[in-house]
Amino acid sequence: MSSCVEPFDTDTEISITDALVVDARLTDQNIEQSIMLSRTFAFDSDNPQPETQAEVVVNDDLGTSIIFNEITPGTYSSNGPLQLVADRQYQLQIKTQDNTIYISDFESFPENIPIGELNAKRVTNNSGIDGVAIQVSNSNASLTPNYFRYEYDETYKLIAPDFNPFDWDEVDYDFFCEDDDGWEVTVAVRQEEARICYATNVSKDVILTSTENLNGNNLESFEVRFLGNDNPFIAHRYSILVKQYHHNANAASFYNTLNDFSSEESVFSNTQTGLLEGNLNVQNSNALVIGYFELSSYSEKRLFFNYEDLFPGEPLPPYLTNCFIVGKPSLYPEGFHATEINGKIVLDGNDSSPLIEGILSGALGFHSENENYRQVDENGDPDRAPFLVKARGCVDCRVFGENVMPEYWIE
């Protein structure tokens, strides 16, 4: 692959902590487009440092300049929708606070190849796991290989298996409060939907393919996503929006290399080892840069399916959390005693309520009243748990998703 950037060894300390990271992936869509700038970070750091107050400009081959303004630290966006055109060449220019200038090669858009088919097919993968393969196909008449990068947004319907129309109401941690009833927990009818929710995940992996080694130049049944039949995401209804980016061979080579040693958390922020080439050139210093100025033609397609469509009559996958456990946390801990001395309450023993603490932390959901509350067992100890509880996500789907149906959702 040709490039104006010298390869560098990212094992060196400077490459880990002091290289500019450029995430500049622009498409032919008529949308607001963004470029992200940050600094590589050492292994003992949690997050990359955003590169702020830079000047970011995209120039075309006719001399037109498009300024990208910083909207949040390290994120630079076009002023409103920006549709770059197929017959133009574009170059990225960045000037950082220290006056270092970075310039990319001129790039142009490959042909726009739409997604032809998007299918969900029941398969057994190479590991012997029964599940669903999300497969994409396209076709075109070009004589040269095509290179594609894929992303996806997946949305799935959640149904709380132990939904309860009642929820915690008063959770009172003030001893001898106005109603003089001590610590108190009550329940009341829910006011919001909590049985059915929708959750969305976005892909993190770099998903790449090409027609380079195929007999023809058509892409057939490429697997973008695989979900085992025990994946809770597909337990009811599932949707996936597959995004296809048609880019050139140099961009494909860059992403293939990046994919080899980048963490799944952020392929642009934790480049760890090896040699990496891009199409960005440092003009006036010995600074290092990681990244690629990518122009890609975009296509997308969405599909829906129910679990029953592919696994008719089969048991549903397990829920997102264990809902078989029923708990009995005490309102008052064992050995608890409160005494009023000179107008002040003195607590003996443990002064923390397991029930109230569990509710306040968001861990516990109301399951039912405890019929044995305050009854004395054979040892003379009273039952201190007024309620039976389960993990909150079992009774309230909002732990894992939103209770508003997405606009694009189709039942």
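Note that these values count all heavy atoms, side chains included, but never hydrogens, waters or copies made by symmetry. Model, not experiment: these values are computed from the prediction. Count residues from 1 along the sequence.
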Quick one: list whatever passes side chain to side chain donor-acceptor pair (under 3.5 Å) with Glu357, sequence neighbours left out. Tyr173

Within a 6.0 Å radius of atom CD on Glu411, are there more than 12 heavy atoms belonging to other residues, nucleotides or ligands? yes

May I ask you to test the Asn218-Thr211 pair for a side-chain heavy-atom distance under 4.5 Å? no

Could you tell me whether the side chain of Glu117 and the main chain of Ile115 form a donor-acceptor pair under 3.5 Å? no

Counting neighbours of CG on Asp98 that are heavy atoms of other residues, nucleotides or ligands and sit closer than 6.0 Å, is the number greater than 12? yes

Could you check if a side-chain atom of Arg302 sits within less than 4.5 angstrom of a side-chain atom of Leu241, using non-hydrogen atoms only? yes

In terms of side-chain heavy atoms, does Asn69 have a donor or acceptor partner in Asn79 at a distance below 3.5 Å? yes

Under 3.5 Å donor-acceptor, Asn164 side chain and His367 backbone: yes

Enumerate the ring pair (Phe, Tyr, Trp, His ring centres under 6.0 Å) contacts for residues 192-215, please, sequence neighbours excluded, ordered by first and then second residue. Tyr198-Trp409

Pairing residues for Gln375 by the side-chain contact (heavy atoms from CB on, under 4.5 Å) criterion, not counting sequence neighbours: Asn372

Sequence neighbours left out, what pairs pass ring pair (Phe, Tyr, Trp, His ring centres under 6.0 Å) with at least one residue falling in residues 141-169? Phe148-His246, Tyr150-Phe222, Tyr156-Phe233, Trp168-Phe366, Trp168-Phe387

Among all residues two or more places apart in sequence or in another chain, which pass the side chain to side chain donor-acceptor pair (under 3.5 Å) test with Asn138? Gln244

Within the supplied structure, the quantity of interest is the number of heavy atoms (other residues, nucleotides, ligands) at a distance under 6.0 Å from Glu402 CD; does it exceed 12? no

Is any side-chain N of the basic residue among Arg195 and Glu193 closer than 4.0 Å to the acidic one's carboxylate O? no

Compare all side-chain heavy atoms of Leu219 with those of Asn146 and state whether any distance is below 4.5 angstrom. no

Pairs where residues 307-327 contributes a residue and the test side-chain hydrogen bond (donor to acceptor under 3.5 Å, both in side chains) is met, not counting sequence neighbours: Arg122-Glu314

Check for a donor-acceptor pair, side chain of Thr75 on one end and backbone N or O of Met36 on the other, with a separation under 3.5 Å. no

With sequence neighbours left out, the residues meeting side chain to side chain donor-acceptor pair (under 3.5 Å) with Gln33 are none

Could you tell me if Arg149 sits above the aromatic ring of Tyr255, with its cationic atom closer than 6.0 Å to the ring centre and no more than 45 degrees from the axis? yes

Applying side chain to side chain donor-acceptor pair (under 3.5 Å) to Tyr298 and not counting sequence neighbours gives Glu300

Regarding Asn279 and Ser104, do their side chains bring together a donor and an acceptor under 3.5 Å, going by distance alone? no

Sub-4.5 Å side-chain heavy-atom contact between Ile35 and Val58: yes

Scan for salt bridge (Lys or Arg N to Asp or Glu O under 4.0 Å) pairs involving residues 233-244, sequence neighbours excluded, and state none if there are none. Asp153-Lys243

Sorted by chain and number, sequence neighbours left out, salt bridge (charged side-chain N to carboxylate O under 4.0 Å, His left out) with Arg190 holds for Asp167, Asp396

Is there any ring pair (Phe, Tyr, Trp, His ring centres under 6.0 Å) pair reaching into residues 83-142, and which pairs are they, with sequence neighbours excluded? none

By the salt bridge (Lys or Arg N to Asp or Glu O under 4.0 Å) test, which pairs, at least two apart or in different chains, include something from residues 209-231? Glu154-Arg225

Distance-only polar pair, side chains of Thr27 and Ser296, donor-acceptor under 3.5 Å: no

Can you see whether Tyr408 engages Ser239 through a side-chain donor-acceptor pair at a distance of less than 3.5 angstrom? no

